[in-house]
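Structure first, then comments.
Atom set for the values below is all heavy atoms of this structure, side chains included, hydrogens, waters and symmetry mates excluded. Every chain is numbered from 1 and lettered A, B, ... according to where its sequence line falls, protein lines coming before strand lines.
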Amino acid sequence: MPTKIYNPSKIEKKWQKWWETKKIYEVKDKVKGRENFYHLVMFPYPSGDIHIGHWYNFVGADVFARLKKMQGFNVLSPIGFDAFGLPAENAAIKRKIHPQAWTFKNIKKMQKQLRSIGAIYDWSREIITAEPEYYKWTQWMFLQLYKKGLAYRKKAKANWCNNCRTVLANEQVIEGKCERCDSITYQKEIDQWLFKITDYAERLLKDIEKLDWPEKTKIMQKNWIGRSEGWEIQFLIPNQEISISIFTTRPDTLFGSTYMVLAPEHPLVDKLTIEQKEKEVERYREKTKRKSELERIGAGLEKTGVFIGAYALNPVTNERIPIWISDYVLLGYGTGAIMAVPAHDQRDFEFAKKFNLLIREVVRGPKSGPLEKAWEGEGDLINSSWFTGMASGKAKDEIGEYLKKRGLARKKIYYRLRDWIVSRQRYWGAPIPIIYCQDCGIQPVPENKLPVKLPSLSNFKPAEDGRSPLARSKKFIQTKCPNCHGRAERETDTLDTFVDSSWYYLRYVDPRNHRHFAAKKKIESWLPVKMYVGGAEHTVLHLLYSRFFAKALNDAGFINFKEPFLALRHQGIILGPDNQKMSKSRGNVVDPDELVKKFGSDAVRLHLCFMGPYDQGGPWNPGGIIGISRFLNRVFNFANNFGKTIKNEEIKIDLSLFHQLIKKIGEDIESFHFNTAVSSLMQILNWLEEQKFVSREVLEIYLKLLSPFAPHLSEELWHHLGFKGSIHKEIWPKYDVSLIIKKEVQIVVQVNGKSRDVVTVPSGFSKDEIQKLAESEEKVKRYLTGKNIKKVFFVPDRLINFVIE
RNA sequence: GCCGAGGUGGCGAAAUGGUAUACGCACAUCACUUAAGAUGAUGCGCCGAAAGGCAUGUGGGUUCGAGUCCCACCCUCGGCACCA
C-alpha cells in the first residue's frame, strides 16, 4: 500500500491553479445574505522583490480576512502597487533603464511572488498607481482640492545640491552631503504646491477618538498634530514702531524671560540687526542653510547663535533684553520667535549657559541652590513682582489677561502640524494638472482633459535650474490656456507619491470605472474600510494624509464618510541581519522564495504567524520553521491515516479541551494573536494523537480551524475526505459552550504569597470548603502549625492565600 | 533631542494583579536503522544530595500576592514631514 507523502510544492501549485480556474476568490459587490466587509492591507512599493517583511504583513492580514470570510462576510481583500516614486528614477540613472520599464518589470515579478502566498486576493481588482487610468483620478483629486482652496502655491524649503543642480530627498542627503557627489547640501527656497491639511487639524484631532486604532497610533497622531493652547505675546522694540510676536504656553514664566531668540530666517532679522553685526548674522544664516531640521533641534547638541545687537522690552518687567538668532528656533512653528526663559526651559538654559546670559528663576522648583538644569515643571511664582506667590496654573491666565488689557497679548491655539508639500521636482510621478498662462495666471486643467500624461523621456535628471525633468520636454510644456486659448505652459512638477496612496482604497471598489473614481453605489456598499492592516511606520504620514483626503472629499460631497479606516492593526517591523528595518534600499532583505521552495508556502505562513506577537516584529529568525514543517507533516499523516484506522464513533471522548481551543483560535485570530492561535492548533494535534478514537466530525472541524493558516494543505486534506467543493467556502466552526466549562479546577494554595501546594476540586467550591481541605494538606500544614492565621484571601476556582505572622 | 514601542530559559516566545517559562526550536539520552537522515519516547531556567532557595534589563515603591501597577535609570527598535 503506497503511503501518501506530504509534498507541499506539488499540492500548493495544484490548489492555486484550481482556485484560480474556479474563481473562488472573485469578489462580487453584493452577495445575498452576506454583509460586505472591506479588509485592506497596505499595498507594496514595487521595489523588485517581495521580502519576508511583506510576507509577514500579507500573511497575517490574509489569515484575518479568511476568518471573516468563513464567518459569513462578503470579504473584499484587494491588492495593488504603489508604483510611483524615487527608487525608479535612481534605477534609471544608475542602470540606464526607463523608470516605467523598471517599475513594471518589478511588478511582474512581485505579482508572481505574491501569488505564492496563497492569499485570497481578487486579482481582477488590481490597481497600479503609475497607470494613466489610475493617476487620471489622482490628478482629478488634486483639482477638487484646488477648487476648494485646499491646494496653493508657496515658497518652501528643499534640500539642494549645487553641484548636481538638483533637489534631493531627505534620504539622498547623508550627513549633510549629497549622496551622489558628496558635496555639501543647502536648504533652498523654491516654489511649491501645498495642501492645506492644517485647516483640518482640529477635526483630525477630534475624530481620531472614535476610531478602533491602536492606542499608541492615536497618541502619536495627536502628538504630531500637536495642539497647544497658549498666548501670543508682543515684545516691543524700544524707539521703533515694530514688535516681535511670540507664542508661549507658559506666560507664568514671563518674568524670567531674559532674552529673545528669532529663527535665523525670521523676516524681522533684517530690520533689527545693527550694522556692526550684519556680517556675522549673514554668516550664521548661511551655516543654518546647511543644516537639516533634525540637526538643528537636538537638545544634546552644542547650541549656537548670534546676538544681532538689538533689544526688545520684556512686557512685564520693562527690562531691555537682547535679541539673538539661533537655529534651534524654527520659522515653521509658532511665530518663529521665542521668549527665552533659561531657568525653566532646558534648551534656553543650555543656550544661556553657553553665552553667559542672565538666568532668573521665577517658578519655585523642588531643589534649592544653584540650578544645574532647567525646572520645567510648575510651582509657585517667585521674583515675579505682584504675581509672586501665585501658582503657575493661575498665573498663566492672570499674566495673559494683564497683557491683554494692554493690547500686548491674545489667547491663541497653535498646531505643530504643517501644511503638506505635494510637489516634487521629479519625473516618476503624476504630473500636477495645472497650466500657467501669462494673461490668465494659474489655470487648472479641465477635468475632461485628464489625464495629463507623463511624457516618455530619456533623461530623468532634474533640469539645471532645479525644475523637474519634465521641464526638458518642450512638447509637454507647451500647451494652450484653457481659459483664453492663448499660449501657455504646463506645471512640470509631479505629485508626492503619498497623494497616490491617500485615496487608493477608493479605487479598489470600482477599479475599471472610466467615468468616475468609483461609482457612488459601490462606494456606499463597501466603504469605509472595516479593517486596515499595515506597518506602524506609517502612523503619522500616510495614515494622516488619507484621513485628511477623506474629510476633504466628504466636504466636497463625493463620499459619504469622514474616516476612511474604521479599524487599524499594525504588523511589527521585521528587521534584517543588520538589526534595521528590512528594505530594498538598505540592502538587507531576506528573500522568502527559497524558504517557500524548501518548506512550502503553508509552512512559511505558519512560521510567520507563530514567530511572535504580530504587532511586535523583530529580527528575522528562520530557526524553528523546521518545527512548523514537522507539524504540517504530522497533520498530513494524521488525516491520511484517519480513514484507515477508524473508528468507533460511539466511543465518547472528552471534547472539553477541543472546544476550549476552538474558542481560543477564533478569538485569537480576531484579535491578531496569530502566534497563540498556531500554538493552540499544535496543542489540538498533540491531543488528537493521544486519542484512541476520533470522529470524522472532529477532523473536519480541525481542518477548518487550520484553513486560514494553511490554505493549501487544508484544501488537500479536505478533498482527501471526499469533499468536492473548497474548504474555503465553509463556515467557521462553532464551539459548544456547555463543553468548555471546566468541571474540575486546580486551586493554588499559598502561604504569605508563596505557592506551597495545589488542590484539585470540582469548580464552584466555597472558601470554607477549600480552606478546610488546604489546611489538612501535609505540604501546607507544615507552614501553618503553631502560626496565627491573620487573614485568608480567596479567589474562586483559582487561589487561596493564608497570611500568617 | 522629541514622539511611540519593546527588554522573560541557550533561542523564538506564553502568562484577566493569582503555580513564571504554555507552544515550538536547539541540546542530551534512548528506541528504530548497517549507517546517516527521518520518525518516536524521555529529560531540559539557575543553585542544592534533599528540604528548599533564587530568577522576567537595573534600582526603588504599592499590594496578602507584581513579568503585569507606580517612580527613576540603562539598552534596543520605529517615526520625525522629499524612502515608501
Q: Could you tell me which residues satisfy ring pair (Phe, Tyr, Trp, His ring centres under 6.0 Å) with A:Phe599, sequence neighbours excluded, listed by chain and number?
A: none
Q. So, A:Glu189 and A:Lys155, do they make that salt bridge, N to O below 4.0 Å?
A. no
Q. Should B:A14 form a Watson-Crick or G-U wobble pair with both distances under 3.5 Å, which nucleotide is its partner?
A. none
Q: Tell me whether the OP1 or OP2 atom of B:C77 has a side-chain N or O from A:Gln580 closer than 4.0 Å.
A: yes
Q) With sugar-phosphate meaning primed atoms plus P, OP1 and OP2, does A:Gln221 contact a base, only sugar-phosphate, or nothing at under 4.0 Å between heavy atoms? A) nothing
Q.
In whole Å, measure the gap between the P atoms of B:U68 and B:A20 for me.
A. 14 Å
Q.
Whether A:Glu89 and A:Arg424 form a salt bridge (side-chain N of Lys/Arg under 4.0 Å from carboxylate O of Asp/Glu) is what I want to check.
A. no
Q.
What I want to check is whether the side chains of A:Gln571 and A:Asp615 have a donor and an acceptor closer together than 3.5 Å.
A. no
Q.
Would B:G9 be called syn or anti here, given the cut-off of 90° from 0?
A. syn
Q) Taking the inter-plane angle between the rings of A:Phe674 and A:Tyr614 on a 0 to 90° scale, is it parallel (under 30°), tilted (30 to 60°) or perpendicular (over 60°)? A) perpendicular
(Q) Strictly below 4.0 Å, N to O, side chains only: are A:Lys196 and A:Asp419 in salt-bridge contact? (A) no
Q. When you compare B:G52 with B:U8, how far apart are their P atoms, in angstrom units rounded to a whole number?
A. 30 Å
Q: Indicate the ring-plane relationship of A:Phe58 and A:His54, choosing parallel, tilted or perpendicular according to the 30° and 60° boundaries.
A: parallel
Q: Between protein and nucleotides 37-52 of chain B, map the contacts as a letter string: B base, S sugar-phosphate only, - none, heavy atoms under 4.0 Å, written 5' to 3'.
A: --SS----------SS
Q. Whole-Å distance between B:G65 P and A:Ile804 CD1?
A. 13 Å
Q | Euclidean distance for C1', B:G12 against B:G4 (whole angstrom) | A | 24 Å
(Q) Rounding to an integer number of Å, can you tell me how far A:Ile574 CD1 sits from B:G78 C1'? (A) 13 Å
Q. Parallel, tilted or perpendicular: which fits the ring planes of A:Tyr504 and A:Phe43, with parallel below 30° and perpendicular above 60°?
A. parallel
Q. Do A:Trp193 and A:Phe142 have ring centroids that are under 6.0 Å from one another?
A. yes
Q: Just name whichever nucleotide pairs with B:C2, Watson-Crick or G-U, keeping both distances under 3.5 Å, else none.
A: B:G79
Q) Given the P atoms of B:C44 and B:A38, what is the spacing between them in whole Å? A) 23 Å
Q) What string of B, S and - do you get for nucleotides 18-23 of chain B, 5' to 3', when a contact is any protein heavy atom under 4.0 Å? A) BBS-BB
Q | A:Asp419 CG to B:C82 P, straight-line distance once rounded to whole Å | A | 12 Å
Q: Just call it for A:Ser423: base, sugar-phosphate, or nothing, with non-hydrogen atoms closer than 4.0 Å on any strand.
A: base
Q: Just call it for A:Met220: base, sugar-phosphate, or nothing, with non-hydrogen atoms closer than 4.0 Å on any strand.
A: base
Q. Side chain of A:Asn223: nearest nucleotide among B:A81, B:G4, B:G78?
A. B:G4
Q: Determine the contact category for A:Pro613: base if any of its heavy atoms lies under 4.0 Å from a base atom, sugar-phosphate if only primed atoms, P, OP1 or OP2 are that close, otherwise nothing.
A: sugar-phosphate
Q: Can you tell me the pairing partner of B:G59 across any strand shown, Watson-Crick or G-U wobble, with both distances under 3.5 angstrom?
A: B:C71
Q: Considering only atom P, compute the distance from B:G59 to B:G9 and round it to an integer number of Å.
A: 15 Å
Q) Taking atom P of B:C83 as reference, at what distance in whole Å does atom CG of A:Asn90 sit? A) 11 Å
Q: Report yes if at least one side-chain N or O of A:Lys157 is closer than 4.0 Å to OP1 or OP2 of B:A81; otherwise report no.
A: no
Q) Between A:Trp428 and A:Phe460, is the gap from one ring center to the other below 6.0 Å? A) no
Q. Is there side-chain contact between A:Trp55 and A:Ile50, with heavy atoms separated by less than 4.5 Å?
A. yes
Q. With sugar-phosphate meaning primed atoms plus P, OP1 and OP2, does A:Phe802 contact a base, only sugar-phosphate, or nothing at under 4.0 Å between heavy atoms?
A. nothing
Q. How is A:His538 classified with respect to the nucleic acid when contacts are heavy atoms under 4.0 Å: base, sugar-phosphate, or nothing?
A. base
Q.
Check the phosphate of B:A84 against A:Thr497, side-chain N and O only, distance under 4.0 Å to OP1 or OP2. Yes or no?
A. yes
Q | Of the listed nucleotides B:C80, B:C82, B:G12, the one nearest the side chain of A:Leu541 | A | B:C80
Q: Report the distance from atom OH of A:Tyr614 to atom C1' of B:A14, rounded to the nearest whole Å.
A: 20 Å
**Q.** RNA chain B: 5'-proximal contact among A:Pro619 and A:Ile190 (nearest heavy atom)
**A.** A:Pro619
(Q) Between B:U58 and B:G10, how far apart are the two P atoms, rounded to whole Å? (A) 14 Å
Q | Check: A:Phe638 ring centroid to A:Phe636 ring centroid under 6.0 Å | A | no
**Q.** Rounded distance in Å - CD (A:Gln172) to P (B:A84)
**A.** 10 Å
(Q) Using a 4.0 Å heavy-atom cut-off, does A:Lys790 contact any base of the nucleic acid, only the sugar-phosphate backbone, or nothing at all? (A) nothing
**Q.** Whether A:Phe658 and A:Trp687 hold their rings parallel, tilted or perpendicular, with breakpoints at 30° and 60°
**A.** parallel
Q: Considering just the side-chain nitrogens and oxygens of A:Lys754, establish if one lies under 4.0 Å of OP1 or OP2 belonging to B:C54.
A: yes
(Q) Could you tell me how far B:A15 sits from B:G24 if I compare only their P atoms? Round to whole Å. (A) 16 Å
**Q.** Per A:Trp224 side chain, nearest of listed nucleotides B:U76, B:C80, B:C54
**A.** B:C80
Q: State the pairing partner of B:C30; accept Watson-Crick or G-U wobble contacts with both distances under 3.5 Å, and report none otherwise.
A: B:G40
Q | Short side-chain N/O contact from A:Asn579 to OP1 or OP2 of B:U76, under 4.0 Å | A | no
(Q) Go nucleotide by nucleotide along RNA chain B from the 5' end; which of A:Thr217 and A:Leu86 gets its closest nucleotide reached first? (A) A:Thr217
Q. To the nearest angstrom, how far is A:Leu681 atom CG from B:A14 atom P?
A. 16 Å
Q.
Please report whether the ring centroid of A:Phe349 lies less than 6.0 Å from that of A:Trp375.
A. no
Q.
How many whole angstroms separate atom CG of A:Asp493 from atom P of B:C82?
A. 13 Å
Q.
At less than 3.5 Å, do the side-chain atoms of A:Gln425 and the base atoms of B:C82 form a donor-acceptor pair?
A. yes
Q.
Taking any heavy-atom pair under 4.0 Å as a contact, classify A:Asp757: base, sugar-phosphate, or nothing.
A. nothing
Q: Determine the contact category for A:Lys791: base if any of its heavy atoms lies under 4.0 Å from a base atom, sugar-phosphate if only primed atoms, P, OP1 or OP2 are that close, otherwise nothing.
A: nothing
(Q) Taking the C1' atom in each of B:A84 and B:A66, what is the distance between them to the nearest angstrom? (A) 42 Å
